Number of protein chains: 2
Amino acid sequence: MAQKTKYNMVKEKITDWITSGKVKPGEKIHSENELVKMFGVSRHTVRQAVGDLVHEGWLYREQGAGTFCSFRQEENEQTVLPAQTNGKNIGVITTYISDYIFPSIIRGIESYLTAQGYSLTFACTDNDIEKEKQCLQTMLSRNIDGLIVEPTKSSIYNPNIHYYLELEQHNIPYLMINQFYPQLAPPHIVVNDEHGGYIATEHLIKLGHRKIIGLFKTDDLQGVNRMQGFIRAFREHGITFFPDMVISYSTEDMNEKVNDRLNKFYSSDDRPTAIVCYNDQLALMVLDVLRNHQISVPEDVSVVGYDDSFLAETFEVKLTSVAHPKMEMGIEAAKRIVSAVEGKDNNPQSIIYEPELVVRNSTAPIKSKDIVISQE
Amino acid sequence: MAQKTKYNMVKEKITDWITSGKVKPGEKIHSENELVKMFGVSRHTVRQAVGDLVHEGWLYREQGAGTFCSFRQEENEQTVLPAQTNGKNIGVITTYISDYIFPSIIRGIESYLTAQGYSLTFACTDNDIEKEKQCLQTMLSRNIDGLIVEPTKSSIYNPNIHYYLELEQHNIPYLMINQFYPQLAPPHIVVNDEHGGYIATEHLIKLGHRKIIGLFKTDDLQGVNRMQGFIRAFREHGITFFPDMVISYSTEDMNEKVNDRLNKFYSSDDRPTAIVCYNDQLALMVLDVLRNHQISVPEDVSVVGYDDSFLAETFEVKLTSVAHPKMEMGIEAAKRIVSAVEGKDNNPQSIIYEPELVVRNSTAPIKSKDIVISQE
DNA sequence: TTTAAAAACACGTACGTACATAAGTAAAAA
DNA sequence: TTTTTACTTATGTACGTACGTGTTTTTAAA
């Protein structure tokens with residue numbers, strides 16, 4: 001993960017010496033000038049590398065004598081924060097708690113943390129940047145040892161970046177779930193939403209549908225990615241894509257916008273034969289609108305949801321939906337933050353889950369009368 | 001102490017700004033180039049000074065934006081754990097988080113606590129007594145200042161009572177939500193579930209139904225109370241009540257028991273004309289079973305749910321359901337625990353919300369052919 | 001008015017030099 | 001042999017330059 005700057009490469013080499021046992025605690029490492037010659041970099045660069053390692057506790061310097069390997073690398077992380085004897089505290093910040101999908105993630109996190117004797121401090125932002133700021137401040141002023149965040153409005157610029165930088169300064173590990181801010185490039189656990197949008201759309205294309213519309217929430221990256229997968233499916237299958245086939249909305253204008261556009265579509269003759277939805281909850285809304293127009297699913301129109309929530313199973317039409325491991329993601333997030341907090345894994349790796357399509361009754365092959373002459 | 005090197009002098013000046021309050025947490029300090037001019041030193045020197053202060057936790061840098069004052073300077077001088085001056089910590093223990101109904105209560109609690117600068121430590125028990133014990137232990141070992149609990153399996157004897165007694169010993173206020181252990185008689189915020197069960201049943205009786213069955217989860221007091229209301233409605237309207245009209249189940253055997261009994265009913269000739277459900281989620285299950293038997297709602301059978309959740313509104317048949325103020329309960333719980341923690345109200349009063357019936361499309365007057373000769 | 005490109009700005013990396021200060025070493029003096 | 005001195009080597013401080021990368025503001029175009 002560390003960028004491949006020269007000083008980072010020097011740092012890596014030196015830490016390698018230590019971890020491999022080539023240099024033992026208390027032993028002198030090569031002098032700055034020697035390192036300059038060895039790595040072919042300037043003394044400034046060597047000093048930056050060594051200086052960093054001194055701060056991180058790997059080495060210590062003695063003027064006039066040399067630079068030496070530290071005796072206690074174990075205590076690297078413990079130098080800043082005082083030891084909290086019994087069980088640590090992990091912060092969790094999410095956007096919505098009422099959304100039917102988050103409870104399973106939070107439940108995953110909670111179950112693992114409690115089992116480990118950790119406690120969980122919780123806050124949610126309602127997808128409001130001002131509230132996110134407040135939550136981060138509260139978390140920082142508490143003695144949290146790690147943080148799991150679902151970023152707020154991740155598709156637009158986020159002004160709260162410096163709070164995350166400060167977490168790094170204090171050596172408090174954090175990871176992002178569901179989405180992440182590209183500017184920070186933190187460890188993250190996400191679903192490959194682009195692929196999810198793609199397979200949902202591809203499924204419909206393979207059933208013969210051409211007039212497919214997509215409904216996506218675009219104030220978070222999840223929605224934007226699903227939309228991109230939607231569009232890619234058109235391109236890769238050589239199907240003409242018209243911009244008005246995508247309806248994007250934000251949390252605030254969801255109700256009006258989706259209703260309006262959908263009603264417009266189904267009042268005209270240019271009716272789509274399939275609809276890809278941002279999530280299952282939206283799919284329910286769509287089904288409700290369709291019912292009001294006396295349009296039956298899947299006979300007249302196919303509908304695909306996303307999340308494979310319990311809603312997909314309990315509805316009158318069982319929803320075809322894109323599935324991803326919700327609870328596992330929570331557990332995995334908890335596991336990684338715990339091992340990061342315990343210093344077992346200073347640079348947790350990211351995971352990208354590949355979603356899968358669960359086909360149910362809401363999608364069907366296109367009816368012969370609806371087939372349009374291919375325009376390619 | 002510090003040698004009078006140039007970079008030490010720059011460091012001193014900058015820390016002065018912070019300690020004197022000239023620069024507040026989160027505020028930007030002068031840029032490196034400005035500092036160069038101000039102190040008449042080179043940029044290298046400024047960078048060394050600022051870099052040191054970043055490592056010491058006074059400042060943090062943001063590439064492209066500037067250098068900012070840190071939010072937690074407390075750690076610089078701190079020797080012991082800071083006495084959590086700002087905002088207290090409230091514990092919340094619930095049974096299930098995935099149940100569609102709890103998120104709104106938790107959201108109510110969270111929104112109020114965050115607005116008050118409080119933080120929320122969360123745990124859930126999965127309705128398991130062993131886990132409840134663990135959660136209570138964790139909460140006690142943390143420095144929580146108040147506790148909101150939804151009791152686990154409140155209808156059977158609870159072996160964790162002494163943890164609550166210990167809370168009282170430590171003068172940590174707590175209150176129970178949704179249910180409460182009668183043995184403790186703590187302040188509680190609940191819905192009058194007995195009345196809820198009563199009005200749901202009364203509604204059906206007034207529509208002419210006599211063969212009414214009730215499905216209730218009886219491992220918590222909520223379900224037991226709703227069932228008692230169900231039975232009282234029969235008695236008060238002078239209608240004979242047969243014990244087999246009630247199907248009681250527990251969390252574990254819900255799926256089999258409900259399905260079995262319901263299938264048995266609808267395979268025989270002794271079909272009920274109305275069903276009272278423990279909650280909306282169960283109502284969905286019931287609707288699914290009915291669909292499989294080609295029984296239509298509300299024409300053939302009326303169904304009443306409980307909770308008035310979003311499920312009631314988005315289904316193909318809009319559910320008649322018993323409504324209670326979910327989010328308000330959370331907010332009210334948070335308000336009361338906060339005033340208890342702040343000593344404004346040492347003995348918070350209990351609230352009992354009276355539920356109301358929301359009539360939608362899933363209930364209808366009994367069809368004439370189904371009317372049975374009254375037996376009174 | 002909105003949007004997009006360009007410029008200005010701020011921190012990040014990397015090179016160079018010079019001299020200071022502390023520690024160890026070897027040669028010279030006591 | 002011991003002590004002093006000078007030299008060498010090591011890190012420490014401090015100056016300079018240049019260009020990279022990301023953010024913010026300004027400007028110009030649509």
Side-chain angles (χ1 to χ4, degrees), chain A residues 1-14 23 26-55 58-70 129 155-166 168-169 180-186 218 243, chain B residues 1-14 23 26-55 58-70:
Chain A
M1 109 140 210
Q3 293 167 66
K4 47 176 185 171
T5 55
K6 291 195 179 179
Y7 76 90
N8 266 322
M9 286 162 72
V10 175
K11 276 175 73 175
E12 237 172 78
K13 276 285 177 197
I14 296 175
V23 185
E27 268 183 25
K28 183 165 170 273
I29 68 164
H30 297 96
S31 76
E32 291 181 358
N33 279 322
E34 284 170 329
L35 293 172
V36 164
K37 279 178 203 159
M38 286 172 74
F39 296 113
V41 296
S42 70
R43 184 172 165 223
H44 175 96
T45 305
V46 168
R47 274 191 71 74
Q48 181 159 14
V50 172
D52 272 20
L53 294 174
V54 167
H55 274 295
W58 293 90
L59 306 171
Y60 62 93
R61 299 201 259 217
E62 244 173 83
Q63 187 175 353
T67 306
F68 304 84
C69 178
S70 204
I129 288 179
S155 73
I156 61 173
Y157 169 73
N158 187 295
N160 297 326
I161 299 289
H162 56 267
Y163 287 99
Y164 295 103
L165 296 175
E166 190 166 347
E168 290 178 15
Q169 227 86 73
F180 65 99
Y181 299 126
Q183 323 148 50
L184 283 169
T218 47
Chain B
M1 50 153 218
Q3 293 167 68
K4 48 174 185 167
T5 56
K6 290 194 179 180
Y7 77 89
N8 267 321
M9 285 162 75
V10 174
K11 277 175 71 174
E12 235 171 82
K13 276 284 177 194
I14 294 174
V23 187
E27 267 182 24
K28 186 164 169 270
I29 67 164
H30 298 96
S31 75
E32 291 180 356
N33 280 321
E34 284 171 331
L35 294 172
V36 164
K37 280 179 202 156
M38 285 173 73
F39 297 112
V41 296
S42 71
R43 183 168 166 226
H44 175 95
T45 305
V46 168
R47 273 191 72 76
Q48 181 157 17
V50 172
D52 273 19
L53 293 175
V54 167
H55 274 295
W58 293 89
L59 303 172
Y60 62 92
R61 296 200 261 215
E62 238 174 278
Q63 185 175 358
T67 306
F68 303 83
C69 177
S70 210

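Quick caveat, the model's predicted, so the values are computed rather than measured. Naming: A, B, ... by sequence-line order, numbering from 1 per chain.
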Residue list, ring pair (Phe, Tyr, Trp, His ring centres under 6.0 Å) with A/His44, at least two apart or on another chain:
none

Between D/dC15 atom P and B/Arg47 atom CZ, what is the distance in whole Å?
15 Å

With A/Tyr164 via side chain to side chain donor-acceptor pair (under 3.5 Å) - residues at least two apart:
A/Glu132

Residues in side chain to side chain donor-acceptor pair (under 3.5 Å) contact with A/Thr45, at least two apart in sequence or another chain:
A/Ser42

Interatomic distance where CZ belongs to B/Phe39 and C1' belongs to D/dC15 [whole Å]
18 Å

Could you list the residues that satisfy side chain to side chain contact (heavy atoms under 4.5 Å, CB included) with B/Glu34, not counting sequence neighbours?
B/His30, B/Ser31

In whole angstrom, give the distance that lies between atom OH of B/Tyr60 and atom P of C/dG12.
13 Å

Would you indicate what B/Val50 reaches in the nucleic acid, counting non-hydrogen atoms under 4.0 angstrom: base, sugar-phosphate, or nothing?
nothing

Separation of D/dG12 atom C1' from B/Asn8 atom CG, nearest Å, is 12 Å

From CZ of B/Arg61 over to C1' of C/dG12, roughly how many Å is that when rounded to an integer?
8 Å

Sequence-distant partners of B/Lys11, side chain to side chain donor-acceptor pair (under 3.5 Å), two or more places apart
B/Asp52, B/Glu56

Between B/Thr67 and C/dC11, does any side-chain N or O lie under 4.0 Å from OP1 or OP2?
yes

Table of protein N/O atoms under 3.5 Å from nucleotides 18-22 of chain D N/O atoms:
residue: D/dG20; atom: N2; partner: B/Gln63; partner atom: NE2; Å: 3.3
residue: D/dT21; atom: O2; partner: B/Gln63; partner atom: NE2; Å: 2.9
residue: D/dG22; atom: N2; partner: B/Gly64; partner atom: O; Å: 3.3

Reported CG-to-NZ distance for the pair B/Leu35 and B/Lys37, which is rounded to 0.5 angstrom
11.0 Å

List in chain and number order the residues that pass side chain to side chain contact (heavy atoms under 4.5 Å, CB included) with B/Arg47, two or more places apart in sequence or in another chain; answer none if no residue qualifies.
B/Glu32, B/Arg43, B/Arg61

Working to the nearest 0.5 angstrom, can you tell me the gap between A/Ile14 CD1 and A/Thr67 OG1?
8.5 Å

Which nucleotide in the set C/dT13, C/dC11, D/dA14 lies at the smallest distance from any side-chain heavy atom of A/Tyr7?
C/dT13

Residue pair A/His44/B/Gln48 against DNA chain D: nearer the 5' end by closest nucleotide is B/Gln48

Expected list for residues 28-37 of chain A near DNA chain C, using heavy atoms below 4.0 Å, is none

Please name all residues satisfying ring pair (Phe, Tyr, Trp, His ring centres under 6.0 Å) with A/Phe180, sequence neighbours left out, ordered by chain then number.
A/His188

